[in-house]
Amino acid sequence: MPDVIPNDSVGLVTPQIQHFDEPLTLRSGRVLEKYDLIYETYGELNADRSNAVLICHALSGDHHAAGYHSMDDKKPGWWETCIGPGKPIDTNRFFVVSLNNLGGCAGSTGPTSTNPETGKPYGPEFPIVAVRDWVNSQARLADVLGIDVWAAVIGGSLGGMQVLRWSIQFPERLKHAVVIASAPKLSAQNIAFNEVARQAIAKDPDFHDGWYQEKNTLPKAGLMQARMLGHLTYLSDDAMRQKFGRELREGKLNYSFAPEFQVESYLHYQGEKFSTRFDANTYMLMTKALDYFDPARDHDNDLRKCLSQAQCRFLVMSFTTDWRFAPARSEEIVNALIHADKEVSYACIESDNGHDAFLLPIPRYLDIFQAYMDGVAERSFEGATA
Amino acid sequence: MSELRQDLAIIQKWVRPNSEILDLGCGQGELLSYLKREKNVHGYGLEINPEKITACIRNGVNVIEQNLDNGLGNFEDQSIDTVIMTQALQAVKRPDELLDEMLRIGKEAIVTFPNFGYWKTRFYLLLKGRMPMSDTLPYNWYDTPNIHMCTFRDFEILCHEKGIRILNKTVVDDQHREHWSIGLWPAMLGEIAVYHITRK
């Protein structure tokens with residue numbers, strides 16, 4: 001809980017809910033007749049509506065990207081390092097929109113929402129959503145907000161995949177794309193990690209094939225295991241060595257199977273926290289959306305052909321110790337963009353923090369991000385055409 | 001224009017309007033932004049220095065973080081009109097291989113490098129018996145990034161051996177100025193060489 005809101009924070013924010021009655025046909029062929037999207041905005045939309053930025057969240061993110069909901073909040077939004085007055089996504093210049101994606105569990109329509117056809121929660125019957133479905137729903141939100149063209153669409157990890165999809169699905173509706181710690185598609189190893197996570201959830205006796213809400217239970221153990229595994233892949237070997245080493249909680253070996261090493265209790269803590277805040281069916285859906293993402297598939301598996309549809313400028317960033325979405329994966333995107341003669345800049349940022357680095361205040365990362373976003377503002381809507 | 005280094009001004013004469021450019025070791029992107037403004041070129045710069053990369057991004061120049069020593073395999077054959085490398089040939093691990101790469105990717109290339117045959121350099125070694133240092137070459141032998149120094153003649157012999165054709169060449173002094181007197185004896189009086197080459 002902040003005693004005082006820091007000057008570089010957007011401060012107290014209130015989410016809004018937008019209801020949509022127009023049916024949305026999903027990639028799977030299924031149709032969502034009506035749905036809600038919960039979102040937050042920071043900063044002011046300018047008169048010609050040209051300073052809007054869309055934030056796309058990653059696997060476990062939501063609409064609450066910056067600021068605080070109340071003075072009792074322990075932590076600000078998930079991307080407080082990058083969004084706020086004077087920060088890379090400067091709310092003095094930009095009008096920032098951040099939403100919870102369909103299938104989420106933070107207020108947008110998802111597995112915990114009531115299925116209008118049955119009057120019961122969707123549970124496991126919520127349709128499997130794809131990245132393109134999110135982008136379609138985000139475009140509808142943009143319509144409602146009166147935003148024809150985004151100054152930038154920005155995201156890390158799974159969020160970066162949404163940015164890529166935006167660039168080819170609505171090429172005329174964004175001027176800049178910022179793709180951070182992302183990949184043009186998952187590798188077999190990535191998919192394998194997701195499947196282990198899904199199995200951990202599915203095999204939890206409290207999961208009940210996804211109908212745990214009906215049974216008034218929660219597959220906490222499964223979700224906790226899934227998160228522990230996920231968390232491991234977000235950190236680097238170096239980061240874990242520095243943070244925990246082989247330190248023991250009680251300073252000595254107890255010859256027991258209770259958590260003894262600090263790293264164990266850290267993972268338990270992270271898993272525990274996550275298992276009470278996140279919905280298991282949403283976790284299953286989000287990991288599926290990750291697995292399915294492969295925009296080049298519709299273009300003879302040629303990423304260059306796929307990205308040649310884009311019209312925006314790109315900034316791509318990766319982090320040296322990220323092995324979940326390694327720099328080589330970002331470079332696949334960069335090379336395809338170069339081959340398609342697109343405007344692109346790329347930086348591979350030195351960091352010990354693995355995949356998590358995109359959420360952390362790493363000076364070089366923030367400098368580059370800021371330099372790029374300053375250019376977005378100055379060259380696209382602040383009129384300095386120098 | 002006045003602030004543009006003279007070697008960059010020479011280079012721009014050899015670059016065609018609306019062409020595709022790759023600038024190896026692009027610094028803060030001065031050349032690329034100049035060529036974009038004056039010749040409407042499209043291009044990318046490669047750079048590894050973090051501050052310079054940020055400066056490029058601030059200047060709106062397409063910059064790719066990439067180490068030249070790790071190769072240019074991500075660029076396709078003959079995909080670029082002119083590949084440019086200013087003052088970096090002497091600092092890479094294998095200048096000969098990089099030249100091959102430049103002409104694999106580019107239809108033409110422009111290279112600039114300091115002339116180790118410059119008269120002051122020759123006399124420095126001859127009279128002092130020490131590795132030459134100057135404004136152009138300000139480093140000690142042990143900490144210099146310039147690990148493959150060559151003279152104009154060395155470079156031209158290498159081009160000849162590789163079947164590389166020299167389209168244009170010029171030499172400038174340490175202020176990157178062209179001066180008539182250098183033309184009298186370029187191999188001796190020129191401090192920086194600017195070569196325009198092709199394999200065709």
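Every chain is numbered from 1 and lettered A, B, ... according to where its sequence line falls, protein lines coming before strand lines.
To the nearest 0.5 Å, atoms CD (B:E20) and CG (A:D341) are separated by 4.5 Å.
Heavy-atom pairs under 4.5 Å with chain B peak, among A:E343, A:M373, A:E331, at A:E343.
Scanning residues 50-64 of chain B against chain A with a 4.5 Å heavy-atom cutoff picks out B:P50, B:I53, B:T54, B:I57, B:R58, B:N59, B:G60, B:V61, B:N62, B:V63, B:I64, ordered by number. Near-neighbour residues of residues 356-372 of chain A relative to chain B, defined by a heavy atom under 4.5 Å from a heavy atom of that chain, comprise A:R364, A:D367, A:I368, A:Q370, A:A371, A:Y372. Contact annotation for residues 163-170 of chain A against chain B (heavy-atom separation below 4.5 Å): no residues qualify. Taking 4.5 Å as the heavy-atom cut-off, the residues of residues 299-324 of chain A that approach chain B are A:R304, A:R313, A:L315, ordered by number.
Other residues, nucleotides and ligands place more than 12 heavy atoms under 6.0 Å from the CD atom of B:Q78. For B:K93, the NZ atom is loosely surrounded, since the number of other residues' heavy atoms within 6.0 Å does not exceed 12. Within 6.0 Å of atom CE in B:M131, 12 or fewer heavy atoms from other residues, nucleotides or ligands are found, so the atom counts as exposed in its surroundings. Annotation for A:N7: atom CG does not count as buried by contact number, only 12 or fewer foreign heavy atoms lying within 6.0 Å. For NZ of B:K120, the number of neighbouring non-hydrogen atoms (other residues, nucleotides, ligands) closer than 6.0 Å is 12 at most.
Here the closest non-hydrogen pair linking A:K342 and B:Y44 is O-OH, 2.5 Å.
Using a 4.5 Å cut-off between heavy atoms, A:V334 touches chain B through its side chain atoms alone.
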